[in-house]
Visitor: 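Okay, handing you the structure first.
Labels below follow one simple rule: chain letters A, B, ... track the order of the sequence lines, proteins then strands, and each chain is numbered from 1.
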Protein chains: 2
Amino acid sequence: MDFRLKDPSYSDELSLRQQVFNYILEAVLSGRFKPGEPLTELKLAEELGVSRTPVREALRQLEYEGLASSIPNKGVIVNGISETDIEEIYAIRALVEGLAVKWAAERITDKQRSDLEETFELMSFYTRKKDYQQLGKYDARFHNLLFDSCQSKVLRHILRMLMRYVEHARIGSFRVSERAEQALEEHRAILEAVLEGSADKARDLMTMHINNALVNLMEQRKAGEKKDQA
Amino acid sequence: MDFRLKDPSYSDELSLRQQVFNYILEAVLSGRFKPGEPLTELKLAEELGVSRTPVREALRQLEYEGLASSIPNKGVIVNGISETDIEEIYAIRALVEGLAVKWAAERITDKQRSDLEETFELMSFYTRKKDYQQLGKYDARFHNLLFDSCQSKVLRHILRMLMRYVEHARIGSFRVSERAEQALEEHRAILEAVLEGSADKARDLMTMHINNALVNLMEQRKAGEKKDQA
DNA sequence: TACTGTATTATTGTATACAATTATACCATA
DNA sequence: TATGGTATAATTGTATACAATAATACAGTA
């Protein structure tokens, strides 16, 4: 557990600050650092074998991304995410990602077209194989390619933030279900609309896709709670 | 020009980091630090009479808010904003602020109702007096109250970021025009819809309001360009 | 002159030191 | 026992010191 960041296996190109951030982010998203838990600079610094400086900067970034709150002279604590928060995030996503694919349909480049198609083929492959880990990886890649295709710095910035929230709410699990196949079909429809340049159609399909994902997520959470009680 | 931050007139409650950020932000928004200009930590630190540490953190925040870009080991430079960026920001605002007032109409508290009404009265007053400086102040307050009224952390976070972009594009000037009166009527309509709980109506009115603001802004910019050439 | 390599400088990245603030523990006292 | 106050410790906020990297200038050579 006490691995050092300088270990070359942890990608040596990134700055220490970036590596520290990734480490803390992973811990928060995976639930190892729980909501309400205080993150003290010194403890993290010692845990990672670095000084307070990069830790401090990483914590600030965490704060800006909305995953933690800092109280002056007291420290930063991990934010919790309520059911309401999740519903709100999905409502916002439905709008903003809808706009994103609309613009993507209008502005996508040839390179991005083929990248998207290739990624979709891999998603299709791993869905058939029921390899949900790999599927999750390419699902994220698919969405990111879509965001890049709309050629908008502002939109990418906002979407990146939203996706962090989504990960925080532990959405990853949704893929481990029979919805994977339905989701694949929805992705296929969105991809086709984007590639043929049907902007409004792509937007509506994306909105529906996200709404469906929310419904599914909520059902799973309910099921999960029941299981916990049993 | 070389005022020190510790000057009590500059609000003494805030942390140094916060004060430095406000200083740099003001300089960027006002155009004193121009797009493409590199912001070096030491220079700013000396200019303000503080150490590099708070300056550094302020620059990072500027980066997260999208107003500057940092290149590893090279420094951070002020971001430019193109005409396309502005159009995109307004398109996103139309969606997100639309959602915000929709939720505000559904969730506003009594306190917020009276605050909004009071603020609107002041806007009305200063519009009649053609005091566009005060008007701008209460216009910002009006929008912020609206954002608070939707009781959503996520939405507030996103809107705050968007409004920074908008300020960056020097939108403040739009108020100095005959549109002020039209804008007041639009605000009145939005306020009424929110207060009577007509969520969808409020959303549509806000969307229109923002679209109108964009059209007006673009016309002004064109006029400004012509004047520059003359 | 054009070009390349090296020394110098400037700037960021990281670590440490110090100051200020807040939380905690402990003891005295009613 | 409960309460209040002071000393101590823990933690953040800021400043400075050091290391690493990238830009610049300049001299030497073809």
Visitor: When you measure from the centre of the six-membered ring of B:Y90, is the NZ or CZ of B:R93 under 6.0 Å away and within 45° of the axis?
Guide: yes
Visitor: Would B:M206 and B:H143 count as a side-chain contact (heavy atoms from CB on, under 4.5 Å) here? Give the steps.
Guide: CA-CA 11 Å; B:M206 178 58 94; B:H143 279 262; 4.1 Å; yes
Visitor: State whether A:K74 places a side-chain N or O below 4.0 Å from either non-bridging phosphate oxygen (OP1 or OP2) of D:dT11.
Guide: no
Visitor: Whole Å only: how far is the CZ atom of A:R56 from the P atom of D:dT12?
Guide: 8 Å
Visitor: Could you tell me whether A:T53 contacts a base, only the sugar-phosphate backbone, or nothing, with contacts defined as non-hydrogen atoms closer than 4.0 Å?
Guide: base
Visitor: Output the rounded distance in Å from CG (A:L44) to C1' (D:dT12).
Guide: 14 Å
Visitor: Does the pair B:R160/B:E65 count as a salt bridge with the N-to-O cut at 4.0 Å?
Guide: yes
Visitor: If I take atom CG in residue B:L16 and atom P in nucleotide D:dG13, what distance separates them, rounded to the nearest angstrom?
Guide: 11 Å
Visitor: Grab the CD-C1' distance between B:Q18 and D:dG13 for me, whole Å please.
Guide: 13 Å
Visitor: State plainly whether the residues B:R60 and B:E57 are in salt-bridge range, i.e. N to O under 4.0 Å.
Guide: no
Visitor: What is the distance, rounded to the nearest whole Å, between atom CG of B:L39 and atom C1' of C:dT12?
Guide: 14 Å
Visitor: Rounding to an integer number of Å, can you tell me how far A:E41 CD sits from C:dA20 C1'?
Guide: 14 Å
Visitor: Over how many whole Å does the gap from A:K43 atom NZ to D:dT11 atom P extend?
Guide: 8 Å
Visitor: On DNA chain C, check which nucleotide each of B:I71 and A:R52 is closest to and give me the residue with the more 5' one.
Guide: B:I71
Visitor: Side-chain N or O of A:S51 versus OP1/OP2 of C:dA15: is the shortest distance under 4.0 Å?
Guide: yes
Visitor: Round to the nearest Å and state the distance from A:L48 atom CG to C:dG13 atom P.
Guide: 19 Å
